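Note sheet for the following structure.
First the proteins, then the strands, lettered A, B, ... as listed; each starts at 1. Note that the structure is predicted; figures quoted are calculated from it, not measured.
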Amino acid sequence: MSTSYGESELAEVPVRLAVESDRLGDVTATTSPFDAVETETDGGTLSDGAARAADSTTITLWNKWTESAELLEPGMELLVTDAEEDEFRGEQRYATTGDSYVVVAPSFHVNVTAIRNWVECPRLYYLNKLSGVPLNYPVVKGTLVHEVFGDLLRGRDLEESIDARVEERGLELGLLGETADAVAEDVRENAKAIEGWLEQGRLTEEERATAADNSERAFTPAESSWRSEQLLISETFGIRGRADAIRRGAPVELKTGKNLKKEPRFKDKVQAACYALLLEEHGGDVDTGTLLYTKNSALDRNEETGDLTPAKEFSMGDGLLKFVVRLRNELAAMEVAGDVPTGYEGSAKCEYCFEQDTCMVVSGRLDQESKAGQIGQALPAEEREYFERFSRAIEAERRAVHREFAKLWEQDARERADDDRALIDLAFVESTELAEGRWELRARRPGGATSKLREGDLVLASDGHPVRGSAELARIERLDEDELVLTADEPVEVTRLDVYPSELTTDRLLAALHDALLKGDERRKDVLFDRAEPAFEPLEETFIPNNDAQDEAVRKAVGADDCALIHGPPGTGKTYTIARAIRAMVERGERVLLSAFTNRAVDNALEALLDQLEGEIGEDSVASPAQRNGDGEAVDVVRVGSESGVREDMQPYRLDRAGEPGERAATLQNAQVVAATTATCGSRVMKEQRFDAALVDEAAQLTEPGTHAAINLADWFVLVGDHEQLPPVVQSEGRTRRVSSGANGDEPRAADLTESLFERLVDLYPGAGVMLTKQYRMNQRIQAFASQEFYDGELRPATGDVAGRTLDDLSGVTRDDLPTELRGAVTFVDVDGDGSRYTDSEEAARIAEMVEEFRAAGLSPADIGVIAPFRAQVSELSKHVPAEVAVDTVDRFQGSSQEVIIVSFTATDSLEGPIFDDYRRINVALTRPKRALVLVGDANALATDPVYSRMLEWARR
DNA sequence: GCTCTGCGCAGAGGA
């Protein structure tokens, strides 16, 4: 339209106002679901919907912000800063002003590097996201130079820093075939440029003069208003990122490359501008940015200015900052809508792009629209459908991570603490500077506070608010009952810790999916997509003489050409079977990967393997990384994982990443058995490894992409699990499924992430599977219901001893000392319950009495486990029973067992809720005990469901 | 409505 300033474009966006923002003049709104569609079709006029809500209004976006208006889809969030408010026909309306920013989907947090990739080409951004960055030298070197730069800013000595940083990356460098000396020299060259420039900069600063006058020593860079590697999060702009350095409030970005042009590269400017926006929100007023190109040396004079320095300063105008926000809007809108970029969104020319070939191949194989065009033949339809289905599911997981992130400010401290996502009300004790210039922070925690935070986790440590207050990304070094110790780049007077949500796992899942389909072996895909039956090499050998099913399982695992599936119900010795199979493979000279979803499962399986090797082959038959002697006598076993993830007794086998490169790499590459979680299998280092076989334990707890991360690394795979126990936990969709014996197969099956590859293949290829049926855990009476209900009656006690186990077998225990109702192997105790939703104090009190009764009969509290469906009831129960009693949720009890198990159903009157819908959960709960099971709950509630009702009948028999 | 484990975070560079 025409205005007094000339022609202007505008877009009127019908919205529903959200809660007013804290900042004056900012408007947060959601685009109206119906009106927005109409505006699109009738060219910008606001239609007056009949059912207009009271909070409906219009926001007018002027000029270039109309570009962002085009991205909006019904229901998307929109934030306008410094909006103008006026009244029109009795209605408050809003419009952008010259100072306004328009932010689309502000709660979706875009990484700064994502924006940097996007500005180069949206399709390039997508390709990077899809395949991940492989292990290569330029990238590792770049990271090293950045680390050394950070160290210099924190006042660390150059040579000391280089040595330490190179050593830390020994494993990666070794896998790349680099030597420590060569890398150190390479890093030194780059770092010299920085150091020289830093020195020069320091001399010009006033502080330098003052320092020289007042003291013997020079100020460290940090004291001269520098700071390094700050994580910045913007609530307003929906951006997060870590600035290499900030000098007098302005961003400094380091690039380990050469740039002899007058101007910094555009994408580098965009990156710096992102940090400027972040700094602005944190109270800064930024108009310049600096880029440091470390390969620019004195020999390469700047072509125009003749500069010798590697630094390029540039001014950042309003226009650049707003352009960056519009870029970010494009990316966020695409992510929120779940679309795939084509490349047409940007202006890059494909002919100049050196990823052009990859881009065309990926587009061709996945049949995706692409500016570069397609090359080669598309994947078969079922593979493309699979890719789409799973990538959509992974992206939904990614959005769930982003929602978690947005909660950092959407929830207040108390809510987050109640959600176990934060530790609050900490008492700050002290911060101490460490030798490397980092800081150690100490605080006391109030007694009894729980959270999901654990040692080794990355957290946001703040003095009150993780985003608005002063906050640092910190690592939890120690988390004791009453005290905690953190390390961080800068000191913070920490009073609160928040979980820092990460996209790392979703990134790795997506890359695993990509690798399975685009890099995967054709024969493997034939099996995965039901185009070829798994093949087996027939073996005559007997591996486990006293258990036919286990023996058959080992033969299948060892003889598999493609895959073998071992179905192991509770207590059937699946971990032992895996260990036996691995031993057989190692004896055949094969290299084996041992994996599982959780660290706990990996360590359990590894422990069984070590027992197997040492017990059967003899002492000294296993070599941990430290004991390796390379003489081939002992089996080299390596556990890959973080220090905090690996169990204490498995630490000797853990591969340290730091050390002499060649030696580190050899330790990993020569290991015959490598054990790691599936997430670690998706890491850059593990992706460089190849194995003959991959054995995945607890495979029913894994999503299909999660399973691929492990099995992509091996020629054939063995999945071991039980799909009648709990499935993978997925944040994005609350899918549940009713499972019961046989007949009840009419319920819609969950697709995507909640069905494991294990389960799908078991259904697809019954011949490739073996079910273990002898259980070594439960008294016959205990196992009867689960066997009938979940395993078609096939689960049986392995021996008469197992079948006849009772509490009397335990030393010092006399069943006759127990009240009559607790003497049986299975009992039901009817408690009406207090009617609350997720807790039940009556059940808790009754269970506390029982624990006392068991104790009085001679049972050790350490032999008793209490299981509840809800965490709230778990903490209620913990208050009532002695600390030695293991109290936990069903989900967390999976994989372990106890002599006595008491189950607290925590349901009064009805059985509403997804927790009871999934019958696999009761299967887990009922199959944990060896000798006695006590069910405590409201019989009326349990009787409302057919499965629970049958359970009642069995328990009362 | 509920269960909840992983992961060197985000970003390193190439032409």
Quiz item: Within less than 4.0 Å of OP1 or OP2 of B:dT3, is there a side-chain N or O belonging to A:T889?
Solution: no

Practice problem: Answer yes when A:K141 and A:E172 have at least one side-chain N-carboxylate O distance shorter than 4.0 Å, and no when they do not. | Solution: no

Quiz item: Would the number of heavy atoms belonging to other residues, nucleotides or ligands and lying under 6.0 Å from CD of A:E351 be above 12?
Solution: yes

Practice problem: Check whether any side-chain N or O of A:S683 sits under 4.0 Å from OP1 or OP2 of B:dC7, and answer yes or no. | Solution: no

Practice problem: Please report, rounded to the nearest Å, how far the C1' atom of B:dG13 is from the CG atom of A:D244. | Solution: 13 Å

Exercise. Provide, to the nearest angstrom, the distance between the CZ atom belonging to A:R684 and the P atom belonging to B:dG13.
Key: 12 Å

Self-check item: Distance-only donor-acceptor test, A:R657 side-chain atoms vs B:dG8 base atoms, 3.5 Å
Solution: yes

Quiz item: Nearest to the side chain of A:V139 - B:dC9, B:dA12, B:dT5?
Solution: B:dA12

Exercise. Figure out the CD1/C1' separation between A:I476 and B:dC7, and round it to whole Å.
Key: 14 Å

Quiz item: Taking side chain as C-beta onward, heavy atoms only, is A:Y500 less than 4.5 Å from A:P466?
Solution: no

Quiz item: How far apart are the closest heavy atoms of A:L175 and A:Q689, and which atoms are they?
Solution: CD2-NE2, 3.8 Å

Self-check item: A:R921 NZ/CZ over A:F916 ring centroid, <6.0 Å and within 45° of normal
Solution: no

Quiz item: Counting side-chain heavy atoms from C-beta on, which of B:dA12, B:dC9, B:dC7 comes nearest to A:D457?
Solution: B:dC7

Quiz item: Just how far, in rounded Å, is C1' of B:dC7 from CZ of A:F597?
Solution: 10 Å

Quiz item: Once you round it to whole Å, what is the distance between C1' of B:dG14 and OH of A:Y293?
Solution: 14 Å

Quiz prompt | Nearest to side-chain heavy atoms of A:F354, which nucleotide of B:dA15, B:dG13, B:dG6 | solution = B:dA15

Exercise. Quickly work out the A:L135 CG to B:dG8 P distance and round it to whole Å.
Key: 14 Å

Quiz item: Is there a side-chain contact between A:W439 and A:D489, using heavy atoms and a 4.5 Å cut-off?
Solution: no

Quiz item: Taking the C1' atom of each, how far is B:dC7 from B:dG11, in whole Å?
Solution: 16 Å

Quiz item: So does A:N128 get a side-chain nitrogen or oxygen closer than 4.0 Å to the phosphate oxygens (OP1/OP2) of B:dG13?
Solution: no

Exercise. Could you work out which one of B:dT3, B:dC7, B:dA15 sits closest to the side chain of A:R921?
Key: B:dT3

Quiz prompt | Proximity to the side chain of A:R454 - top-ranked nucleotide from B:dG6, B:dG13, B:dG1 | solution = B:dG6

Quiz item: Name the stems that DNA chain B belongs to, where each is three or more consecutive Watson-Crick or G-U pairs with both distances under 3.5 Å?
Solution: none

Quiz item: When the C1' atoms of B:dA12 and B:dG8 are considered, how many whole Å apart are they?
Solution: 12 Å

Exercise. Please state how far atom CG in A:L504 lies from atom P in B:dG11, giving the value in whole angstrom units.
Key: 13 Å

Quiz prompt | Residue A:P138, side-chain atoms from C-beta onward, closest of B:dA10, B:dG13, B:dT5 | solution = B:dG13

Practice problem: Inspect the contact between A:R639 and A:D603 and indicate whether a charged nitrogen and a carboxylate oxygen are less than 4.0 angstrom apart. | Solution: yes

Quiz prompt | Closest to side chain of A:R508, choosing from B:dG14, B:dC7, B:dT3 | solution = B:dC7

